[in-house]
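Reading through the structure tokens given below for one structure.
Predicted, not measured: the structure shown is a model, and the values here were computed from it. Throughout, a chain's letter reflects where its sequence line sits, starting with A, and its residues are numbered from 1. Basis for what follows: all heavy atoms, side chains included, without hydrogens, waters or symmetry-related copies.
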Number of protein chains: 2
Amino acid sequence: MTKESKIPNPTIERLAFYSRPLEALLKGGPPVISSEKLAGLCGVNPAQVRKDLAYFGEFGVRGVGYEIRDLLKEIKGILATDREWTLCIVGMGNLGISLVENENFKKRGYLFVAAFDSDTRKIGRQLPCGLTIEPERKIRELVRELGIEIGVITTPSRAAQRVTEILSDAGVKAILNFAPIQVRTPESCIVENVDFSVKLENLVYHLERLYKGKKNG
Amino acid sequence: MTKESKIPNPTIERLAFYSRPLEALLKGGPPVISSEKLAGLCGVNPAQVRKDLAYFGEFGVRGVGYEIRDLLKEIKGILATDREWTLCIVGMGNLGISLVENENFKKRGYLFVAAFDSDTRKIGRQLPCGLTIEPERKIRELVRELGIEIGVITTPSRAAQRVTEILSDAGVKAILNFAPIQVRTPESCIVENVDFSVKLENLVYHLERLYKGKKNG
DNA sequence: CGATTCATGTGCATTATTTCACAATATTAG
DNA sequence: CTAATATTGTGAAATAATGCACATGAATCG
Ligand SMILES: NC(=O)c1ccc[n+]([C@@H]2O[C@H](COP(=O)([O-])OP(=O)(O)OC[C@H]3O[C@@H](n4cnc5c(N)ncnc54)[C@H](O)[C@@H]3O)[C@@H](O)[C@H]2O)c1
Ligand SMILES: NC(=O)c1ccc[n+]([C@@H]2O[C@H](COP(=O)([O-])OP(=O)(O)OC[C@H]3O[C@@H](n4cnc5c(N)ncnc54)[C@H](O)[C@@H]3O)[C@@H](O)[C@H]2O)c1
């Protein structure tokens, strides 16, 4: 019985997480995996794995486990990664280049179909991946023409909010923002922020507690 | 009264988050901010802001708010970002280069003092930031010599676990891993994983629910 | 075929986190 | 000085997420 009425957000993140080792396991070894094994690979509790999956259906067989191939297909269906998504990226500095050149995205169905920058020296340059850097003012036109659904922002912070507005205005439905500020979007556009420094700050907080021999932190 | 006995992990992440707008506010405008304003800028509940801060002391003045300069200093003290940290990075591909060349890290006190790769064509190359790419086999020696505390991993997945072991073995106390696998460390070494695709998968899950007009997701 | 083993799916207790709501304290106006 | 207003710090309530523990069904063995 599927009961998608009240799914914890962490569950969604973990589903993506589970799919990583599953993909690797597909390439060899037994065709079935237990919640215990999978949990071990992902560093979570086995009951957690079972509960997460049970929100969406009964994918396992009691006494046996989960058929890896099937499970992966189910997870991809749930996450909607069983189709291709068209993305554009704005801000072709070091990070922007690094993202569009990364093979993993294409492999997972995330297709960068346009790249924008405001720097006239960069506009027109062709990238190894085949994309040509377009001027910022063509965002609206190309988002519509190419049916771009997701925008990735890799500009400096000061430009991020303006770019967000241009993108959402052009019809992009979701934004992944790498600039270390909290951008605001209209209702019609969802946003995720990625901030590496927050992760680092987390690490050093815990490190410092360790050094000081504190129990918590 | 400071009671650091039971601090929620999300609190630590939010502290880092709060410091971003505070830094910006330092550069102009009123010297004091209310929990409500700060909460607004960070997209959280005002009571959350107050409670998060109250775990570590009484930094505000009732009826008035928080002195921005002081608050920032307190947060930096808590997170241990009021000192410099020495890092090294392993895997000087696109992402690795992008990280070491990024000014924000230095600005926040995160100093990359060594860069490693296994590719003989890359070893010896000097980067714009001044670092020279060192061979992987020098990790142990340089970590000790330079007192490196944190290791950043930007190698392909297949190398990440081995690199983790080399780093923790060499005495690194914390690892920030960008390869999309869950690396395991001994007790003496803490680890944070950053996986952009998980964020994307989150976005498309929610997007798909929106398209389908589902209430939840 | 019955007994044994294995591993899922899930109700429920536990633990963690967020939010409310208000007493306490500071400031401002009259 | 008193009243009105602002905003913190916090106990208690509400909400969210996790993990235990076990009934349930499948597979295997003798
Ligand atoms: N490089 C990293 O490793 C890293 C890490 C964490 C966060 N970030 C953040 O990601 C963002 C990009 O980082 P980077 O290192 O690539 O910076 P960068 O300076 O190399 O690149 C920024 C690019 O954005 C372009 N740009 C500026 N304004 C624009 C606008 N209005 N429209 C379109 N393009 C515009 C610039 O021309 C430039 O090409 C920054 O906000 C940075 O803080 C980067
Ligand atoms: N580029 C991105 O935007 C991006 C996004 C998400 C995740 N990642 C992950 O980050 C990692 C790096 O990405 P990238 O795009 O820079 O890849 P890349 O292939 O450009 O760079 C990888 C580098 O690691 C080096 N390397 C390989 N094995 C090594 C070893 N044992 N010791 C030291 N160095 C070694 C290679 O020589 C190469 O220089 C990958 O795991 C990738 O999946 C990258």
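The side chain of Tyr66(B) places an N or O atom within less than 4.0 Å of a non-bridging phosphate oxygen (OP1 or OP2) of dG9(D). Using a 4.0 Å cut-off, some side-chain N or O of Asn45(A) falls inside it from OP1 or OP2 of dC20(D). In this structure, Lys6(B) reaches the dA16(C) phosphate: one of its side-chain N or O atoms is under 4.0 Å from OP1 or OP2. Listed pair Ser35(B) / dT8(D) meets the phosphate criterion, a side-chain N or O lying under 4.0 Å from OP1 or OP2.
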Next item on the list: For nucleotides 21-30 of chain C, just jot down a letter per nucleotide in 5' to 3' order: B, S or -, based on protein non-hydrogen atoms under 4.0 Å.
Entry: B--BBSS---

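Side-chain polar atoms of Arg108(A) and Ser197(B) form a donor-acceptor pair below 3.5 angstrom.
As rounded to whole Å, 16 Å separates atom C1' of dA16(C) from atom CG of Asn9(A). Rounded to an integer number of Å, the gap from Ile68(A) CD1 to dA7(C) P is 14 Å.
No side-chain donor-acceptor contact under 3.5 Å links Glu201(A) to the backbone of Leu79(B). Without hydrogens or angle criteria, Asn202(B) side chain to His206(B) main chain gives no donor-acceptor distance under 3.5 Å.
Between Phe196(B) and Phe178(B), the ring planes lie perpendicular to each other; the angle is over 60°, past the 30° to 60° tilted range. Relative ring orientation between Tyr205(B) and Phe56(A) is described as perpendicular, the plane-to-plane angle rising above 60° on a 0-90° scale split at 30° and 60°.
Of the residues in residues 22-33 of chain B, not one comes within less than 4.0 Å of DNA chain D through any heavy atom. Of all the residues in residues 74-82 of chain B, not one reaches under 4.0 Å from DNA chain C with any non-hydrogen atom. DNA chain D lies under 4.0 Å from no heavy atom of any residue of residues 191-201 of chain B.
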What side-chain donor-acceptor pairs closer than 3.5 Å can you find for residues 39-53 of chain B, not counting sequence neighbours?
unit_1, atom_1, unit_2, atom_2, d
Asn45(B), OD1, Ala47(B), N, 2.7
Arg50(B), NH1, Ser35(B), OG, 3.0
Asp52(B), OD1, Thr11(B), OG1, 2.8
Asp52(B), OD1, Arg14(B), NH2, 3.0
Asp52(B), OD2, Arg14(B), NE, 2.7
Asp52(B), OD2, Arg14(B), NH2, 3.4
Asp52(B), OD2, Tyr18(B), OH, 2.6

Extract all donor-acceptor atom pairs below 3.5 Å that involve side chains of residues 110-118 of chain B and protein atoms in other chains or at least two apart in sequence.
unit_1, atom_1, unit_2, atom_2, d
Asp117(B), OD1, Asp119(B), N, 2.9
Asp117(B), OD2, Met92(B), N, 2.7

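Checking dT7(D), dA16(D), dT18(D) against every side-chain atom of Gln48(A), the shortest atom distance belongs to dT18(D).
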